[in-house]
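These notes concern the structure reproduced below.
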Protein chains: 2
Amino acid sequence: MAITIKDIAKKANVSITTVSRVLNNKTEGIGEETRKRVLDIIEELDYRPNTIARSMVTKQTNTIGLIIPDIRNPFFPELVRGVEDFANDAGYSVFLCNTDGSIKREVEALRLMKEKNVDGIVFTYSHATTKHPFQSLVHRHRIPVVLLDRGLDGEKYSGVYTDNEKAGYIATKHLIDLSHVQIGCITGPEHVQNSKDRLKGYMKALNQAGIPVDHRRIVSGDYQLEGGYRAAKALLEKGHVTAIFAFNDLMAFGVYQAAAEMGVTIPDDLSVVGFDNLKYNRLLQPKLTTIEQPTYEMGKTATELLLQQIRESKRVKTQTIYLDPSLIIRNSTKKRRTEDD
Amino acid sequence: MAITIKDIAKKANVSITTVSRVLNNKTEGIGEETRKRVLDIIEELDYRPNTIARSMVTKQTNTIGLIIPDIRNPFFPELVRGVEDFANDAGYSVFLCNTDGSIKREVEALRLMKEKNVDGIVFTYSHATTKHPFQSLVHRHRIPVVLLDRGLDGEKYSGVYTDNEKAGYIATKHLIDLSHVQIGCITGPEHVQNSKDRLKGYMKALNQAGIPVDHRRIVSGDYQLEGGYRAAKALLEKGHVTAIFAFNDLMAFGVYQAAAEMGVTIPDDLSVVGFDNLKYNRLLQPKLTTIEQPTYEMGKTATELLLQQIRESKRVKTQTIYLDPSLIIRNSTKKRRTEDD
DNA sequence: TTGTACGCGTTATCAA
DNA sequence: TTGATAACGCGTACAA
């Protein structure tokens with residue numbers, strides 16, 4: 001059998017209460033002498049309190065859940081480390097759960113987290129619909145939640161996001177500044193909030209420049225390389241684009257592939273802007289102009305917010321934090337060749 | 001307050017024992033009628049048993065720990081999904097922990113897992129030294145462990161690996177078959193077992209072909225892009241290599257960068273073989289010849305072994321499983337130009 | 001300053 | 001077929 005608080009108590013000739021006090025650093029009501037004796041014995045036996053038993057009474061597990069679509073999407077590892085590092089430093093462990101963006105699995109994950117009695121959940125919410133069962137679940141269990149990266153209309157829950165509308169705006173503006181007019185864009189899945197916001201920014205930039213929005217130039221992607229490839233093919237075949245704004249780098253990779261196959265040269269024939277500034281996009285030739293979001297930071301911030309919410313369980317007012325994106329100009333964008341050149 | 005087994009019992013006019021039986025599908029000793037009644041009420045109240053309380057008595061948490069160096073290394077997400085998917089399907093949750101390959105953090109992670117009472121641990125063991133505190137920890141707590149990807153000399157613990165020696169052999173053999181003689185190699189960190197094994201394979205192939213091993217052609221890397229870059233620069237500057245075998249794709253990426261900077265053309269001036277077959281190495285130009293290992297499968301298999309060990313807690317004999325690597329020939333390797341050409 | 005005793009929600013043992 | 005009750009290991013109100 002594992003060694004328990006009782007064993008320590010017996011060996012130190014004190015009650016378990018006393019040991020418990022020492023364990024929890026209760027300063028008052030304990031003799032310096034006994035404290036030391038207990039501490040020594042704890043050390044000697046390498047005793048660790050049983051967190052399960054402790055949780056039974058404290059109702060806390062020092063554990064949080066992290067629900068994401070798919071860790072294999074290269075955007076997420078950085079985010080996950082942000083969450084993990086902050087959580088660990090604060091004494092929390094994290095359950096990781098992949099849902100592949102399926103509502104069914106999101107609900108399962110949520111239930112699971114509840115059963116595991118996590119103290120809170122960081123959730124990258126793939127479905128920006130208010131009908132998501134998420135709402136009733138969270139509400140019924142009163143479990144602290146912070147949304148991350150992908151949110152929900154309104155500010156009903158705390159959340160940490162990149163300012164996606166702004167990002168979409170500056171990316172598109174950059175292309176406009178390079179004299180591009182026929183600017184295609186490849187969105188993420190339709191139900192993902194950050195994609196919607198990036199699209200807003202895209203349209204805003206066009207409107208502001210007096211360029212009419214042509215819906216044939218807006219193609220749905222899936223945030224995967226393959227979707228970017230297909231979308232780019234469609235855009236390039238229908239012609240009439242001199243630039244493409246892909247809503248993430250992965251899809252921009254697909255654009256590169258499609259362009260290569262079709263004999264379209266980047267950036268001479270086609271300018272490309274991506275999103276995320278993935279570490280390994282430096283492999284691309286030419287180097288990709290892209291939007292950088294502070295991914296690691298986002299994970300950290302979300303976790304910070306969550307722990308805050310957990311500790312001051314009184315209704316801390318929900319906060320929504322938008323972090324600033326920035327445009328990184330490299331070699332995949334270039335001034336459009338005009339008839340005059 | 002959350003709803004408990006008591007509430008169900010009261011509402012169904014039965015004892016908690018009966019409810020517990022229904023919950024655990026005890027077939028014998030329960031009336032079909034009462035079972036149904038209880039089940040209905042459980043459904044009606046959407047009751048879920050408290051896993052913590054359950055764990056208190058069963059000594060099982062249905063949780064496993066997964067300890068890896070860094071999820072941001074693109075090799076690991078695939079591995080992690082393999083573990084996660086298998087574990088989840090079997091009703092287990094997984095704690096993820098990054099150690100950055102530091103022994104100190106590995107030990108911390110191990111302790112943490114122990115405190116969280118995980119039923120078992122999947123561990124990618126960065127330090128193939130028998131002095132690792134890991135040993136005493138695991139032994140003292142009698143906690144099932146399966147090593148993954150990176151092991152330990154000997155077969156003291158169950159483990160799932162790629163047959164790295166074979167992989168190193170076929171990669172090198174491929175270069176030799178292309179008439180290369182001056183073949184450099186960039187290893188992983190020195191204390192990592194899989195790097196040692198790959199090196200064995202490399203040497204074996206050279207020996208078999210009667211090519212003397214030149215230790216100036218063996219450079220230590222770190223399994224990171226940057227280390228591959230530095231090592232490649234060293235190899236190319238000292239000259240005398242017409243081919244490089246990088247012990248992972250990430251470092252092969254670094255080789256590409258170094259080559260580009262130094263005006264060395266792949267594959268005309270330099271053949272390159274990588275290792276891992278990362279999904280996004282398809283972005284490289286020319287496409288990378290590499291070793292594929294069944295990463296996802298490895299994660300699955302390791303978890304399968306672990307759960308087996310957990311369930312049949314009687315000393316299941318330790319198993320070591322080697323999965324087969326395969327060589328994927330693309331465009332980064334080419335027959336060496338000889339003086340006769 | 002220290003200790004006794006109860007409760008957390010569940011399973012398991014034994015009796016009815 | 002069912003139920004009363006003792007564990008599991010810890011924190012804590014209350015008593016000493």
Side-chain angles (χ1 to χ4, degrees), chain A residues 1-42 45-63 91 114-119 141 313, chain B residues 1-39 41-42 45-63 91 114-119 141 311 313:
Chain A
M1 265 343 286
I3 150 170
T4 79
I5 199 173
K6 264 190 202 154
D7 303 315
I8 306 292
K10 193 181 296 174
K11 190 146 184 178
N13 271 320
V14 295
S15 73
I16 60 169
T17 308
T18 304
V19 179
S20 177
R21 286 196 182 106
V22 173
L23 244 31
N24 296 290
N25 288 316
K26 303 280 185 206
T27 40
E28 62 187 60
I30 200 154
E32 208 38 62
E33 205 171 328
T34 31
R35 143 165 282 133
K36 179 144 179 35
R37 184 153 37 98
V38 170
L39 241 25
D40 283 348
I41 295 186
I42 286 178
L45 271 54
D46 191 32
Y47 162 74
R48 313 265 155 181
N50 181 323
T51 53
I52 304 232
R54 179 176 277 175
S55 295
M56 280 259 6
V57 16
T58 62
K59 302 293 176 204
Q60 297 232 340
T61 54
N62 273 22
T63 297
K114 171 59 191 163
E115 272 177 32
K116 292 290 182 181
N117 291 82
V118 298
D119 296 336
H141 299 305
S313 68
Chain B
M1 268 338 288
I3 151 171
T4 79
I5 200 173
K6 265 189 201 156
D7 303 317
I8 306 293
K10 193 181 298 174
K11 189 147 184 177
N13 269 318
V14 294
S15 73
I16 58 172
T17 309
T18 302
V19 178
S20 177
R21 284 195 182 105
V22 173
L23 244 30
N24 296 288
N25 287 316
K26 304 277 187 209
T27 40
E28 63 188 57
I30 199 156
E32 208 37 61
E33 206 170 327
T34 31
R35 145 165 280 133
K36 180 146 179 29
R37 184 153 37 101
V38 170
L39 242 25
I41 295 186
I42 286 178
L45 271 53
D46 191 31
Y47 162 74
R48 312 267 156 182
N50 181 323
T51 52
I52 305 233
R54 177 176 280 173
S55 294
M56 278 250 21
V57 17
T58 62
K59 302 292 175 202
Q60 298 231 341
T61 54
N62 274 22
T63 297
K114 170 57 190 165
E115 271 177 31
K116 292 292 182 179
N117 293 82
V118 299
D119 295 335
H141 299 306
R311 294 201 251 247
S313 68

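In what follows, chains are A, B, ... by sequence order, proteins preceding strands, each numbered from 1.
Straight-line distance from the NZ atom of Lys59(B) to the P atom of dA12(C): 12 Å, rounded to whole Å. In this entry the distance linking CG of Asn62(B) with P of dT11(C) reads 12 Å, nearest Å. Here dA6(D) presents its C1' atom at 13 Å from CE of Met56(B), a figure rounded to the nearest Å. In this entry the distance linking CG of Asn13(B) with P of dT2(D) reads 13 Å, nearest Å. What separates CD of Glu32(A) from P of dT2(C) is a distance of 10 Å, to the nearest Å.
Checking side-chain atoms of Thr63(A) against main-chain N and O of Thr61(A) turns up a donor-acceptor pair under 3.5 Å.
Annotation for Thr51(B) and Lys116(A): closest pair OG1-CA, 3.9 Å, computed over non-hydrogen atoms. Contact between Ala9(B) and Ser15(B) at its shortest, heavy atoms only, is CB-C, 3.8 Å. Between Thr4(A) and Tyr47(A) the shortest heavy-atom distance is C-CE1, 3.6 Å.
Contacts of Lys26(A) classified as salt bridge (Lys or Arg N to Asp or Glu O under 4.0 Å), with partners at least two apart in sequence or in another chain: none.
Inter-residue side-chain proximity for Arg37(A) and Val14(A) is flagged as met; some heavy-atom pair is nearer than 4.5 Å. Looking only at side-chain heavy atoms (C-beta outward), Ile8(A) and Leu23(A) stay at 4.5 Å or farther from each other.
Looking at heavy-atom distances under 4.0 Å, Ser55(A) makes no contact with the nucleic acid at all.
If one axis is set at each end of the helix from dT1(C)-dA16(D) to dA16(C)-dT1(D) from five pairs, those axes are 40° apart, to 10°.
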Begin with the C-alpha distance, continue with both residues' side-chain angles, and end with the deciding distance and a verdict on salt bridge (charged side-chain N to carboxylate O under 4.0 Å, His left out) for Lys11(A) and Asp7(A). CA-CA 6 Å; Lys11(A) 190 146 184 178; Asp7(A) 303 315; over 6 Å; no
Using a 4.0 Å heavy-atom cut-off to protein, can you give one letter per nucleotide of nucleotides 10-16 of chain D, 5' to 3': B if the base is in contact, S if only the sugar-phosphate is, - if neither? BBBB---
